[in-house]
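Scope of the values below: all heavy atoms of this structure, side chains included, with no hydrogens, waters or symmetry mates.
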Amino acid sequence: MNHYETVFILNPVLSEVQIKETVQKFNDYLVSKGAEMISKEDWGLKKLAYAIQNKKSGFYHLFEYKVSGETITPFELEFRRDDSVMRYLTVKLDKHAIAWAEKRRLRNNASKK
């Protein structure tokens with residue numbers, strides 16, 4: 001099992017319900033393939049560095065999970081099939097990135113309290 005992080009940007013014209021359904025769909029897909037979800041973060045509506053599909057902002061979401069490598073290609077195919085996803089990026093984390101992600105999660109949890 002490899003450690004991955006996926007960031008995806010959803011279309012800003014989606015309703016709150018549509019965003020939750022889309023995020024849940026991708027979460028359910030990973031879990032159905034045997035992924036161990038480590039964290040999910042909703043970064044909210046952010047301004048884009050450049051326009052994508054004539055949109056200047058998007059809803060950012062981050063998944064951190066462990067799954068076998070052969071699951072990633074079909075997972076990314078699901079992103080390409082979904083019209084509400086504007087961009088996505090999946091990265092395999094090394095030991096240093098895993099440690100940094102753990103620090104980021106702890107810092108975020110501390111700031112929420």
### Task
Applying side chain to side chain contact (heavy atoms under 4.5 Å, CB included), run through His61 and Ile9 and close with a yes or a no.
CA-CA 7 Å; His61 289 273; Ile9 307 171; over 6 Å; no
Between [X] and [Y], what is the shortest heavy-atom contact and its length?
| X | Y | value |
| --- | --- | --- |
| Leu14 | Phe59 | O-CE1, 4.3 Å |
| Pro74 | Tyr29 | CB-OH, 3.1 Å |
| Thr73 | Arg80 | O-NH2, 4.5 Å |

#### Entry: Atom pair OG/NZ of Ser57 and Lys47 - distance to nearest 0.5 Å
10.0 Å
### Query
NZ/Lys66 to CG/Leu30 distance, rounded to the nearest 0.5 angstrom?
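So the gap between those two atoms works out to 14.5 Å.
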Do [X] and [Y] have side chains that get closer than 4.5 Å, going by heavy atoms?
| X | Y | answer |
| --- | --- | --- |
| Arg87 | Leu48 | no |
| Glu5 | Leu89 | no |
| Pro12 | Leu45 | yes |
| Thr22 | Asp82 | yes |
| Ser39 | Phe63 | no |
| Thr6 | Tyr65 | yes |
| Val23 | Leu10 | yes |
| Glu64 | Leu93 | yes |

Do other residues, nucleotides or ligands put more than 12 heavy atoms under 6.0 Å from [X] [atom1]?
| X | atom1 | result |
| --- | --- | --- |
| Lys25 | NZ | yes |
| Lys92 | NZ | no |
| Asp83 | CG | no |

### Query
For the residue pair Phe26 and Phe75, does the interplanar ring angle fall in the parallel (under 30°), tilted (30 to 60°) or perpendicular (over 60°) class?
perpendicular
Would you say [Y] ends up clustered with [X] if hydrophobic residues are merged whenever their side chains have heavy atoms under 4.5 Å apart, either directly or through other cluster members?
| X | Y | value |
| --- | --- | --- |
| Ile38 | Ile98 | no |
| Met86 | Trp43 | yes |
| Ile52 | Ile19 | no |

### Task
Could you walk me through whether Val31 and Met37 pass side chain to side chain contact (heavy atoms under 4.5 Å, CB included), step by step?
CA-CA 7 Å; Val31 171; Met37 294 302 286; 4.0 Å; yes
### Query
Tyr88 and Phe79: aromatic ring centres closer than 6.0 Å?
yes
### Query
Is the Tyr60 to Phe8 ring centre distance short of 6.0 Å?
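No, too far apart.
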### Message
Pair Lys40, Asn27 - check side chain to side chain contact (heavy atoms under 4.5 Å, CB included), show working.
### Response
CA-CA 9 Å; Lys40 294 182 284 187; Asn27 181 61; 3.6 Å; yes
### Query
Under the 3.5 angstrom rule, does the side chain of Gln18 hit a backbone N or O of Ser15 as a donor-acceptor pair?
yes
### Query
Okay, side chain of Thr71, backbone of Val67: is any donor-acceptor separation there less than 3.5 Å?
no
### Query
Checking side chain to side chain contact (heavy atoms under 4.5 Å, CB included) for the pair Ile72/Glu76: CA distance, chi angles, key distance, verdict?
CA-CA 6 Å; Ile72 297 301; Glu76 289 186 340; 4.1 Å; yes
### Sidechain N-carboxylate O distance under 4.0 Å for Glu41, Arg104
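Result for this pair is yes, salt bridge flagged.
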